[in-house]
Amino acid sequence: MSEWSEGNAMSVRADSVQADTAQALVDGVFALGRSLRSVVSASGETQIAPALTSVLFALAARGECRQNQLAADLCVSQSSLSRQISELVAGGYVSRATDPHDKRASRIRVSPNGIEILRETTERRAERLRSMLESWSQEQALAAVASLTQLNDTFGASAQRRNPRPAPCPPQTGN
């Protein structure tokens, strides 16, 4: 059981993360992001740009939805996402259809070609990462996965409290 120390106006756990540790974690997360972008962009791993691949992965994770919902998930403007979605539609990786509940709006989803690109990308990334981690043990890799999962869950919960995500899109029927 942790002790609680009384501070000015709020209570802080005695064993909570110190400021310098939090800053080191922030620095590490940003360094990891830069490293991943560098590895992905240098590899030429997909037929589409890394930014479009990210949008495609996010859409696959969310499922069929309106474009504004995906923009909110990605924390990008609708106009920026609109350009990316148009490129993905033109490439045959995303399908766009009129929303049956609101004819003024459209719904987007990953097309079969997009699903194939994601499958290939996932396989190539896993194999490349596996070769990069040759010196790691299985236990080290699992510990890294657990830490990253905990960090992602913590950040996601915090973001959800600040800005609740819109309800998932209801599935489109009849297609």
Side-chain angles (χ1 to χ4, degrees), residues 25-26 28-130 132 141-142 144-175:
L25 188 55
V26 168
V29 167
F30 280 105
L32 178 62
R34 285 190 300 275
S35 295
L36 284 173
R37 279 190 300 280
S38 175
V39 167
V40 168
S41 65
S43 71
E45 72 175 18
T46 64
Q47 300 170 9
I48 59 177
L52 297 178
T53 303
S54 295
V55 170
L56 205 54
F57 271 108
L59 179 56
R62 186 179 224 297
E64 182 178 317
C65 63
R66 288 186 180 181
Q67 196 168 298
N68 64 333
Q69 293 169 309
L70 185 60
D73 288 354
L74 295 170
C75 300
V76 299
S77 69
Q78 288 186 45
S79 62
S80 173
L81 183 63
S82 180
R83 183 177 31 82
Q84 292 173 315
I85 293 296
S86 292
E87 287 183 53
L88 290 166
V89 168
Y93 306 114
V94 168
S95 302
R96 187 181 346 222
T98 302
D99 188 326
H101 305 293
D102 181 352
K103 301 296 183 194
R104 300 166 298 169
S106 62
R107 296 175 67 81
I108 53 175
R109 68 176 176 211
V110 178
S111 72
N113 287 342
I115 291 169
E116 181 61 19
I117 286 291
L118 292 177
R119 186 192 61 74
E120 291 171 4
T121 300
T122 300
E123 288 175 4
R124 274 194 301 276
R125 285 180 178 176
E127 186 54 39
R128 190 173 62 255
L129 187 58
R130 192 170 154 260
M132 292 170 77
L142 289 172
V145 169
S147 292
L148 289 170
T149 299
Q150 182 180 5
L151 190 59
N152 193 49
D153 290 349
T154 299
F155 288 175
S158 177
Q160 182 67 23
R161 284 191 301 272
R162 285 191 323 275
N163 186 17
R165 177 178 168 173
C169 306
Q172 186 174 1
T173 58
N175 285 347

### Task
For L81 and A71, work out which heavy atoms get closest and say how close.
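Closest heavy-atom pair between L81 and A71: CD2-N, 3.4 Å.
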### Over all atoms of both residues, closest heavy-atom pair of V110 and A60
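V110 and A60 have their closest heavy atoms at CG2-N, 3.6 Å.
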Only counting residues at least two apart or in another chain, list the ones meeting side-chain hydrogen bond (donor to acceptor under 3.5 Å, both in side chains) with [X].
{"X": "R119", "result": "E116, E123"}
{"X": "Q150", "result": "none"}
{"X": "S77", "result": "S79"}
{"X": "R34", "result": "none"}

Interatomic distance, [X] atom [atom1] to [Y] atom [atom2] [nearest 0.5 angstrom]:
{"X": "R107", "Y": "H101", "atom1": "CZ", "atom2": "NE2", "result": "6.5 Å"}
{"X": "N68", "Y": "S82", "atom1": "CG", "atom2": "OG", "result": "11.5 Å"}
{"X": "Q69", "Y": "I108", "atom1": "CD", "atom2": "CD1", "result": "9.0 Å"}
{"X": "L56", "Y": "L88", "atom1": "CG", "atom2": "CG", "result": "5.5 Å"}
{"X": "T98", "Y": "K103", "atom1": "OG1", "atom2": "NZ", "result": "6.5 Å"}

Side chains of [X] and [Y], heavy atoms from C-beta outward: is any pair under 4.5 Å?
{"X": "V76", "Y": "V55", "result": "no"}
{"X": "R125", "Y": "T121", "result": "yes"}
{"X": "C65", "Y": "L59", "result": "yes"}

### Query
With R83, which residues qualify under salt bridge (charged side-chain N to carboxylate O under 4.0 Å, His left out), at least two apart?
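With neighbours one apart ignored, the set is empty.
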### Message
Suppose we screen for salt bridge (charged side-chain N to carboxylate O under 4.0 Å, His left out). Which residues come up paired with D153, at least two apart in sequence or across chains?
### Response
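Expected list: none.
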### Query
What's the verdict on salt bridge (charged side-chain N to carboxylate O under 4.0 Å, His left out) for R130 and E127, showing C-alpha distance, side-chain angles and the deciding distance?
CA-CA 5 Å; R130 192 170 154 260; E127 186 54 39; 3.4 Å; yes
Restricting to side-chain contact (heavy atoms from CB on, under 4.5 Å), what partner residues turn up for [X], sequence neighbours left out?
{"X": "V145", "value": "T149"}
{"X": "L151", "value": "L25, V29, F155"}
{"X": "A51", "value": "Q84"}
{"X": "A141", "value": "W136"}

#### Entry: Flag, side chain of S106 to backbone of R96, donor-acceptor distance under 3.5 Å
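Answer holds: no.
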### Task
For side chain to side chain contact (heavy atoms under 4.5 Å, CB included), just list the numbers for I85 and L70, CA-CA rounded to whole Å, side-chain angles, deciding distance to a tenth of an Å, and then say yes or no.
CA-CA 10 Å; I85 293 296; L70 185 60; 4.3 Å; yes
#### Entry: Residue pair N113, I117: steps toward the side chain to side chain contact (heavy atoms under 4.5 Å, CB included) verdict
CA-CA 6 Å; N113 287 342; I117 286 291; 5.8 Å; no
